[in-house]
Protein chains: 2
Amino acid sequence: MFMTTLWDRSRQVAAQAILDTAVRLFAEQGYEQTTIAQIAREAGISQRSLFRYFGTKEDLVCGDQDALGELLKRTVERQPAEMSAWDALRAGFEVLLTANHTAERALELSRLIFDTPSLHARYIEKRLRWQAALIPVVQVRLGAATGLAPDPRAKAIIATVFACADTATELWVGHDGRLDLADLYDQCLAAVRDSG
Amino acid sequence: MFMTTLWDRSRQVAAQAILDTAVRLFAEQGYEQTTIAQIAREAGISQRSLFRYFGTKEDLVCGDQDALGELLKRTVERQPAEMSAWDALRAGFEVLLTANHTAERALELSRLIFDTPSLHARYIEKRLRWQAALIPVVQVRLGAATGLAPDPRAKAIIATVFACADTATELWVGHDGRLDLADLYDQCLAAVRDSG
DNA sequence: TGCCTAGTTGGCAGTTAATGCCAAGTAGGC
DNA sequence: GCCTACTTGGCATTAACTGCCAACTAGGCA
């Protein structure tokens, strides 16, 4: 039906406008210091409607994570079967880098997240859902008895890879985006896997 | 001064009573479904006072994490100088295990945290602070030029160790505490460091 | 054209966590 | 028994949400 598509489109435009307002205000005066009322006022909608677009204030910053998680999972899944779990996950993250926003926007959002403890925690918590979804995908690459016993290995490897990705991003933000994020990720993983 | 000590003592007794009430209610009816008003009522104090003992509702569950973080740092610091960063951190976690509460209480709290997203996020936030505090401690064990350039290695190693500890705890909770937590931790770390 | 229906919007009231303020109480030290 | 330091409770307020209802808007159809 065209109807649905049209509606969705205008919805997306509205959502983007709200998002731009919110991110601008967050960057200008900080996340905690910005109220929903102010965002709604400046975006020209009611507070009530804002909550219909974004269920929570935090979703204004880490809202579209869900879509990225799906992309990550699919990418890892599609790597050649003979590729190791580590390499497949690395390939997945590499795709995420390009799929994100512009580098500037990504840096701005990342800075917001890493500078705001509550946001950072919430962001990590959202990613825990990605991790859970990745378990079966990784497990098949471990040559595991894909049986009932939950193999700690998949969970641990995924958690580690995310920990390194997070660390790399934090370093990247700390350097104002001047270093290469993929390089930093490789350095982090090397520090973990290739040291005494 | 004895005065201060006495006051502190009665404060601690009161805090413990509030805590017991809160944890009982959380276990009975869930974290989100339990209001501060109800806890205060059943503990026999005013809402206002409850917030003076525990700054936030979340602190009722992960409040004494701060003290544990301090203990972790001190323990890691005091390991023999020739011990590797990995082993020193492991020793730190081992001390935490015994310093926690009884195994039952720890299991109860852990289950609450892992089952409640907002709590889990808050818990992660506290752990991020531990991680930051550990950076200098770990860095000296890496034979690093302890200079200005922030070495990614310390950050990455710490993040990984915490990721494995978290994974181990999640598995432990999933098995109702029947497996050994330290064993699970070792399995997680082995999966990360000793695999192709 | 004009109605019908589905879906959106905004306002309003209410809940919950959290903070500031002030007055009342309480427990040592003199 | 008073003074001081500290705690407590009540009140008001803010900010993030949520439910409810009435008003609006845009296709579909006669």
Side-chain angles (χ1 to χ4, degrees), chain A residues 1-19 21-23 25-26 29-63 112 116-119 121-123 125-126, chain B residues 1-19 21-23 25-26 29-63 112-113 116-123 125-126:
Chain A
M1 290 207 216
F2 284 105
M3 196 178 67
T4 306
T5 309
L6 277 173
W7 272 338
D8 278 358
R9 214 171 316 205
S10 67
R11 245 190 105 78
Q12 263 189 329
V13 169
Q16 193 56 52
I18 298 169
L19 220 49
T21 307
V23 171
L25 289 174
F26 289 156
Q29 47 187 341
Y31 176 78
E32 315 271 11
Q33 283 68 43
T34 306
T35 67
I36 293 284
Q38 187 187 9
I39 299 170
R41 203 181 322 125
E42 300 214 9
I45 58 165
S46 74
Q47 217 168 326
R48 194 66 190 81
S49 286
L50 197 157
F51 276 116
R52 274 195 272 259
Y53 281 94
F54 301 91
T56 71
K57 189 182 178 186
E58 282 152 350
D59 277 350
L60 285 163
V61 178
C62 16
L112 203 54
T116 313
S118 71
L119 268 182
R122 183 86 176 117
Y123 169 74
E125 196 255 320
K126 283 214 165 202
Chain B
M1 291 203 215
F2 286 102
M3 196 178 68
T4 308
T5 309
L6 277 173
W7 273 338
D8 279 358
R9 215 173 314 207
S10 66
R11 245 190 105 80
Q12 262 190 328
V13 170
Q16 193 55 52
I18 298 168
L19 219 50
T21 307
V23 172
L25 290 173
F26 289 157
Q29 48 188 33
Y31 177 79
E32 314 272 11
Q33 283 67 44
T34 306
T35 68
I36 292 283
Q38 187 187 8
I39 299 169
R41 204 182 320 125
E42 300 215 8
I45 57 166
S46 75
Q47 241 178 75
R48 195 63 189 84
S49 286
L50 197 156
F51 276 116
R52 273 194 274 261
Y53 281 94
F54 302 91
T56 71
K57 187 183 178 186
E58 284 145 352
D59 276 350
L60 285 164
V61 178
C62 11
L112 206 52
I113 290 170
T116 312
S118 73
L119 268 182
H120 201 171
R122 184 86 171 127
Y123 170 74
E125 189 187 329
K126 297 225 168 201

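Scope of the values below: all heavy atoms of this structure, side chains included, with no hydrogens, waters or symmetry mates. Since this is a predicted model, take the numbers as computed values, not measurements.
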Novice: Please enumerate all protein N or O atoms sitting under 3.5 Å from an N or O of nucleotides 9-13 of chain C, with distances to 0.1 Å.
Specialist:
| unit_1 | atom_1 | unit_2 | atom_2 | d |
| --- | --- | --- | --- | --- |
| C:dT9 | OP1 | A:Tyr53 | OH | 2.9 |
| C:dG10 | OP2 | A:Ser46 | N | 3.3 |
| C:dG10 | OP2 | A:Ser46 | OG | 3.1 |
| C:dG10 | OP2 | A:Ser49 | OG | 2.5 |
| C:dG10 | N7 | A:Arg52 | NH2 | 2.6 |

Novice: If I take atom CZ in residue A:Phe51 and atom P in nucleotide C:dT16, what distance separates them, rounded to the nearest angstrom?
Specialist: 17 Å
Novice: Looking at A:Arg122 and A:Asp59, does any basic side-chain N land under 4.0 Å from a carboxylate oxygen?
Specialist: no
Novice: Could you tell me whether the side chain of A:Lys57 and the main chain of A:Tyr31 form a donor-acceptor pair under 3.5 Å?
Specialist: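 Yes.
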Novice: Please lay out, stage by stage, how A:Val61 and A:Val23 fare under the test side chain to side chain contact (heavy atoms under 4.5 Å, CB included).
Specialist: CA-CA 7 Å; A:Val61 178; A:Val23 171; 5.9 Å; no
Novice: Quick one: does B:Ser49's side chain have a donor or acceptor within less than 3.5 Å of a partner on B:Ile45's backbone?
Specialist: no
Novice: Quick check on contacts: within residues 33-43 of chain B, what sits under 4.0 Å from DNA chain D by heavy-atom distance?
Specialist: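 Nothing qualifies; none.
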Novice: Which residues pass the side-chain contact (heavy atoms from CB on, under 4.5 Å) test with A:Glu42, sequence neighbours left out?
Specialist: A:Thr21, A:Arg24, A:Leu25, A:Gln38
Novice: Distance check, rounded to the nearest 0.5 Å: B:Leu19 atom CG versus B:Phe26 atom CZ?
Specialist: 9.0 Å
Novice: Roughly how far, to the nearest 0.5 Å, is CD1 of B:Ile113 from SG of B:Cys62?
Specialist: 4.5 Å
Novice: Rounding to an integer number of Å, can you tell me how far B:Arg122 CZ sits from C:dA17 P?
Specialist: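 Result: 15 Å.
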Novice: What is the distance from CD of B:Gln12 to P of D:dT7, rounded to the nearest Å?
Specialist: 14 Å
Novice: If you round to the nearest 0.5 Å, how far is CD of A:Gln16 from OH of A:Tyr53?
Specialist: 12.0 Å
Novice: How many Å lie between OH on B:Tyr31 and P on C:dA17, as a whole number?
Specialist: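 Going from OH in B:Tyr31 over to P in C:dA17 covers 8 Å.
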